[in-house]
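Since this is a predicted model, take the numbers as computed values, not measurements.
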Amino acid sequence: ITGGEMIYQYLGPGSAPNTKSYRITLKLFRDNLGGGAAMPGVVRIGIFNNDNNSHISFSPFDISLTSTSQVPVTPPPVCMTNPPQLDYSVGVYEFVIDLPDNQNGYTATYQTCCRINGLANMGNSTGSTYTCNIPGTNSLGTENDSSPEFGVPVNVVCRNAPFTLNFAAIDPDPGDSLVYSL
C-alpha cells in the first residue's frame, strides 16, 4: 500500500430519531509492480465517539473491498530520460452507518502495517493510519457536511528539478471553502 485517504458523505437523517446517516469510504492505493502484498479483501475500520474517546458500541467494522480501478499516472517530465514503468490501482471500501447526534462528532480510522519497500526516509515496517473526522453539533452548522475529496493522479517527479503538484479537491457542500497550508 503506497497511500490512502478516508472520506465521509452526509446522506441525511438516520433511520432512528437523533441520528444521521453517513457513507464512509476508505481508498487504498497500491503499486502493482512493487511486488508487495495484494490489496486487502477486508479492512477493519473503527469509529470513535469524540465526546468520550471510546469505540461506538458496534465498532469495529470488517468492510469488504467494494471495487478496484487503475489510477492515472501523469506523463513523465522532460527531465526524465528513462522513465520507469508505473502501474497503480486504488481499492475502495465503503459502508453506510447511522450515528447518534453528539457534541464533538466521530473519528473513523483504519490502520495498517508495512508500507512499500525502498522508502529512503522510513523503515519498511512503518505503518499508516487513515482517518476522517465527522463533525458533531458543536461544529457551528457543519454537522451536516460531507468531506472534500482529492482527485490527484500519481505524479512523477525528478530529483533536484522543480515541479508542480496539484492538490485540487472537490467539496460537495455549497458555500464551503477549502483552505490549504504547508
Side-chain angles (χ1 to χ4, degrees), residues 1-30 37-72 88-115 127-154 165-182:
I1 302 301
T2 59
E5 70 175 320
M6 187 179 285
I7 60 173
Y8 67 92
Q9 178 185 10
Y10 172 70
L11 300 176
S15 58
N18 301 313
T19 64
K20 292 181 176 59
S21 183
Y22 296 93
R23 175 179 292 112
I24 297 176
T25 303
L26 170 67
K27 294 180 180 180
L28 295 178
F29 298 92
R30 183 179 185 279
M39 190 71 72
V42 175
V43 296
R44 180 164 279 192
I45 295 176
I47 300 180
F48 295 86
N49 181 331
N50 293 340
D51 284 351
N52 58 21
N53 295 320
S54 66
H55 269 114
I56 60 172
S57 61
F58 37 91
S59 170
F61 301 94
D62 291 332
I63 308 301
S64 295
L65 181 64
T66 306
S67 66
T68 59
S69 60
Q70 292 302 114
V71 176
Y88 285 85
S89 61
V90 59
V92 177
Y93 305 82
E94 289 185 324
F95 67 106
V96 174
I97 185 168
D98 287 358
L99 295 172
D101 294 343
N102 71 359
Q103 291 290 306
N104 297 302
Y106 296 88
T107 299
T109 186
Y110 170 71
Q111 187 174 28
T112 183
C113 169
C114 309
R115 303 237 336 176
S128 299
T129 301
Y130 305 102
T131 66
C132 65
N133 294 305
I134 300 169
T137 57
N138 269 352
S139 300
L140 302 174
T142 62
E143 69 271 12
N144 294 342
D145 262 2
S146 297
S147 60
E149 184 174 357
F150 290 97
V152 179
V154 173
L165 189 57
N166 181 354
F167 280 107
I170 296 172
D171 191 317
D173 302 308
D176 281 3
S177 62
L178 296 174
V179 178
Y180 299 87
S181 64
L182 177 63

Give a yes-or-no answer on whether the side chains of N49 and N102 include a donor-acceptor pair shorter than 3.5 Å.
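Yes - a donor-acceptor pair under 3.5 Å links their side chains.
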Enumerate the salt bridge (charged side-chain N to carboxylate O under 4.0 Å, His left out) contacts for residues 51-70, please, sequence neighbours excluded, ordered by first and then second residue.
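Qualifying pairs: R44-D62.
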Restricting to salt bridge (charged side-chain N to carboxylate O under 4.0 Å, His left out), what partner residues turn up for E94, sequence neighbours left out?
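For E94 there are no salt bridge (charged side-chain N to carboxylate O under 4.0 Å, His left out) partners, ignoring immediate neighbours.
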Not counting sequence neighbours, which residues clear salt bridge (charged side-chain N to carboxylate O under 4.0 Å, His left out) with D101? List them please.
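So D101 forms a salt bridge (charged side-chain N to carboxylate O under 4.0 Å, His left out) with K20.
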[X] vs [Y] side-chain heavy atoms within contact, under 4.5 Å:
{"X": "L26", "Y": "I45", "result": "yes"}
{"X": "L28", "Y": "V43", "result": "yes"}
{"X": "Y93", "Y": "M6", "result": "no"}
{"X": "F61", "Y": "I47", "result": "yes"}
{"X": "V96", "Y": "S21", "result": "yes"}
{"X": "I134", "Y": "D145", "result": "no"}
{"X": "T2", "Y": "R30", "result": "no"}
{"X": "Y110", "Y": "T129", "result": "no"}

Sequence-distant partners of [X], side-chain contact (heavy atoms from CB on, under 4.5 Å), two or more places apart:
{"X": "F48", "result": "H55, T109"}
{"X": "D171", "result": "P148, D173, D176, L178"}
{"X": "Q9", "result": "L11, R23, S146"}

Side chain to side chain donor-acceptor pair (under 3.5 Å) partners for [X], two or more places apart:
{"X": "S67", "value": "none"}
{"X": "S69", "value": "none"}
{"X": "S89", "value": "N32"}
{"X": "N53", "value": "none"}

Which atom pair, heavy atoms only, marks the closest approach of I24 to C132?
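Shortest heavy-atom contact: CG2-SG, 4.5 Å.
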Which heavy-atom pair separates P40 from L65 by the least distance, and what is that distance?
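Minimum heavy-atom contact is O-CB, 4.0 Å.
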[X] side, atom [atom1]; [Y] side, atom [atom2] - distance, nearest 0.5 Å:
{"X": "D98", "Y": "T19", "atom1": "CG", "atom2": "OG1", "answer": "4.5 Å"}
{"X": "N18", "Y": "L99", "atom1": "CG", "atom2": "CG", "answer": "13.0 Å"}
{"X": "E5", "Y": "T131", "atom1": "CD", "atom2": "OG1", "answer": "11.5 Å"}
{"X": "T66", "Y": "F95", "atom1": "OG1", "atom2": "CZ", "answer": "10.0 Å"}

Please confirm whether Y88 and F29 have ring centers closer than 6.0 angstrom.
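Not close enough - the centres of the two rings lie 6.0 Å or further apart.
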Could you check T25, I7, I170 and say which one makes a side chain to side chain contact (heavy atoms under 4.5 Å, CB included) with E149?
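So the option named by the test is I7.
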Tell me which one of Y106, Y10, Y8 satisfies side chain to side chain contact (heavy atoms under 4.5 Å, CB included) with P135.
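So the option named by the test is Y8.
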